Amino acid sequence: MSEAVDTQALLDWYDDHARELPWRVGPRDRAAGWRPDPYRVWLSEVMLQQTTVAAVRGYFERFTALWPTVADLAAAEDARVMGEWAGLGYYARARNLLKCARAVVAGHGGRFPDTRDGLMALPGIGPYTAAAIAAIAFDRPEAVVDGNVERVMARLWDIRTPLPAAKPEIGAAAARLTHDARPGDYAQAVMDLGATVCTPRAPACGICPWMEACAGRAAGVVAELPAKAPKKARPLRLGHAYVARRSDGAWLLERRAGRGLLGGMLGWPGSDWDDAPDHAPPLEAGWRDIGAEARHTFTHFHLRLRVHVAEVGPDAAPARGEFLSPAAFRPSDLPTVMRKVFDLARGAFDTDMS
DNA sequence: AAAACGTGGAT
DNA sequence: TATCCAAGTTT
C-alpha cells in the first residue's frame, strides 16, 4: 500500500517550501550537517502543544533570550517563569517545563535524553513530543503524530473513523511512512504539509506532492476528513473578583494553587466560580461593584466574573493574598482572564479620578 | 478512558 | 456571536 506514497517527493517539496521558524534548522543547513539545539527543540515543542506558531514565536524569543540553556531555565524562579508564560495558556506546561529542566540538569547532566523512551520519562513530554524531539534533534526515525499528521493521514488513506477512535489506525499509517534517511526533515515536512497545504479548510490539493496517491481526494471526501466525535456544550459559570489598590499604589494579588485551572499563576482573589451567594471578599473595605463583568471562555466552560474594586489605606490587612508594589507587579504576568479583570478595574479607578 | 486543561485568530 | 481549530499531556 505505502509504495504508492512517495516520501522522497515530500522531502523534495520540503526542500523548497519549508517554513522558516526560529527554532528550526532548515533543510539546507541540515544537509550541511547542522543540528538544532535539543533545548530549543524541546522548548518549542512544548510551547507548540495545542498552540499556533503565530502565538509561540514571541514567547520562544523571550524565553531563549532570558534563559539560553536548560541550566539557565532550571535555575530560574518559578514565579518568573510562570509570569513569562502568562497568556500562552495550558499552564501545566510551564509547571512541567520547570520540572523537566530541573530533571535534565539534576538527572542527566544537563543533556536531554536522545531516545523516545528516555524523553517520554520526563515531565510534560508525551508520545508526540518525545517522538518529535527524537526525530528533529537526534535524527531518530520516530513517527510524529500531531494534529497535522492526523489530518494528512486520514485524508491520504481515506480513514473515516472519527477521532479519537481513529488514533491507532492513523498512528500505524504514519509509522509506515516514517523516513529512514532524513527522519528529522521528514517529521517536519509532514507537519508543514498539514499546516500549509493539507489545511483543515480549503486544502490546496493542486500543489500537494501526494495528490496522486491521496485516497481521500480520489473519493472526494477531503473536506470531510478527519471526522471528529461531537463536542460537548460548555456550561456557564459565574463568580466574583476583587481588585484592591492600596494608597501607595500596591495591588492585592494572590498566587493560585499549584495545580488545576490556572495553577501556579498570579490572580485576583475572588469567589469560587460556582455562583455561590456566600463568598467573602479578601479584605474588609468599601467594595464597589463596578457593574461590569469579565467574560472569558475556557476549554470546557464559559466564565463571567463580576468585578469589585476598593481603595484602601496603608494599614489594610488582607485575609488572603498579598500587596505587590507597582514595581513588583507586571500586568503581563497575569493569565488572560485575570488581565481582563484588571483592565475593567483599572478603567473603573480611572473613572473615579476624573 | 473520559475529562481537565487556555488562548487568540479565522470563518 | 458562535464555533472551530492549533506541533498534546496528565490524571
Side-chain angles (χ1 to χ4, degrees), chain A residues 19 21-24 36 40-60 82 85-97 99-100 119-137 142-152 163-165 167-168 170-171 174 184 187-196 198-203 223 226-237 256-265 267 273 294-303 334-340:
Chain A
R19 288 179 292 176
L21 302 169
W23 46 86
R24 172 175 286 178
R40 293 165 61 89
V41 174
W42 163 72
L43 179 61
S44 67
E45 289 299 341
V46 173
M47 287 182 165
L48 286 161
Q49 289 166 5
Q50 298 288 281
T51 308
T52 58
V53 165
V56 165
R57 279 182 189 276
Y59 284 86
F60 180 83
M82 298 311 289
W85 195 277
L88 200 55
Y90 284 141
Y91 298 100
R93 292 185 295 172
R95 304 194 298 271
N96 285 329
L97 193 78
K99 287 182 194 163
C100 183
L119 289 158
M120 276 267 275
L122 291 165
I125 299 183
Y128 162 75
T129 304
I133 298 171
I136 297 169
E142 300 289 354
V144 299
V145 184
D146 72 333
N148 288 306
V149 177
E150 287 178 346
R151 183 171 58 255
V152 169
L163 286 166
K167 279 175 182 287
I170 286 174
Q188 295 175 94
V190 203
M191 292 191 282
D192 271 24
L193 186 74
T196 66
C198 194
T199 50
R201 284 175 290 251
K228 296 195 174 178
K231 292 167 186 165
K232 286 188 295 190
R234 284 187 279 238
L236 174 63
R237 293 197 202 169
R256 298 175 62 88
R259 57 191 326 173
L261 191 66
L262 308 181
M265 299 301 291
W273 297 345
R295 295 187 176 206
H296 192 73
T297 297
F298 293 98
T299 311
H300 51 297
F301 64 95
H302 301 287
L303 176 66
L334 294 173
T336 298
V337 63
M338 297 298 172
R339 192 177 45 67
K340 287 180 179 176

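The structure presented is a predicted model; accordingly, all values stated were derived computationally and were not measured. Throughout, protein chains are lettered first and strands after them, A, B, ... in sequence-line order, and every chain is numbered starting at 1.
For the side-chain hydrogen bond (donor to acceptor under 3.5 Å, both in side chains) test, residues two or more places apart in sequence or in another chain that qualify with A:Arg339 are A:Asp343. Not counting sequence neighbours, A:Glu45 has no partner by the salt bridge (Lys or Arg N to Asp or Glu O under 4.0 Å) test. Residues passing the salt bridge (Lys or Arg N to Asp or Glu O under 4.0 Å) test with A:Arg24 are A:Asp192, sequence neighbours excluded. Remark: A:Arg234 pairs with no residue by the salt bridge (Lys or Arg N to Asp or Glu O under 4.0 Å) rule, at least two apart or across chains. A search for side-chain hydrogen bond (donor to acceptor under 3.5 Å, both in side chains) contacts involving A:Gln50 returns nothing, not counting sequence neighbours.
No side-chain heavy atom of A:Tyr128 sits less than 4.5 Å from a side-chain heavy atom of A:Val145.
Taking atom P on both C:dA6 and B:dC5, the two are 22 Å apart, rounded to the nearest angstrom. For the C1' atoms, the distance linking C:dA7 with B:dA2 amounts to 23 Å, nearest Å. Between the C1' atoms of C:dC4 and B:dG6, the separation comes to 15 Å (whole Å).
With rounding to whole Å, A:Lys232 atom NZ is found 12 Å from B:dC5 atom P. Whole-Å rounding puts the A:Leu262 CG to B:dT7 C1' distance at 11 Å. Between A:Leu303 atom CG and B:dG6 atom P the separation is 13 Å, expressed in whole Å. Regarding A:Trp273, its CH2 atom lies at a distance of 11 Å from the C1' atom of B:dG6, rounded to whole Å. Atom NE2 in A:His302 sits roughly 15 Å away from atom P in B:dT7 (whole-Å rounding).
The residue among A:Ala55 and A:Gly260 whose nearest nucleotide of DNA chain B lies closer to the 5′ end is A:Gly260.
Neither OP1 nor OP2 of B:dA4 sits under 4.0 Å from any side-chain N or O of A:His300. The shortest distance between the side-chain N/O atoms of A:Arg295 and the OP1/OP2 oxygens of C:dA2 is not below 4.0 Å. A:His296 has a side-chain polar atom (N or O) that falls below the 4.0 Å cut-off from OP1 or OP2 of B:dT7.
A:Leu88 comes within 4.0 angstrom of a nucleotide base, judged by non-hydrogen atoms across all strands.
Side-chain N or O atoms of A:Arg19 include none that pairs as donor or acceptor with a backbone N or O of A:Thr196 at under 3.5 Å.
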**Prompt:** Tell me, for nucleotides 4-11 of chain C in 5' to 3' order, what letter each nucleotide earns: B for a base near a protein heavy atom under 4.0 Å, S for only sugar-phosphate near one, - for neither?
**Reply:** -SBBBSS-
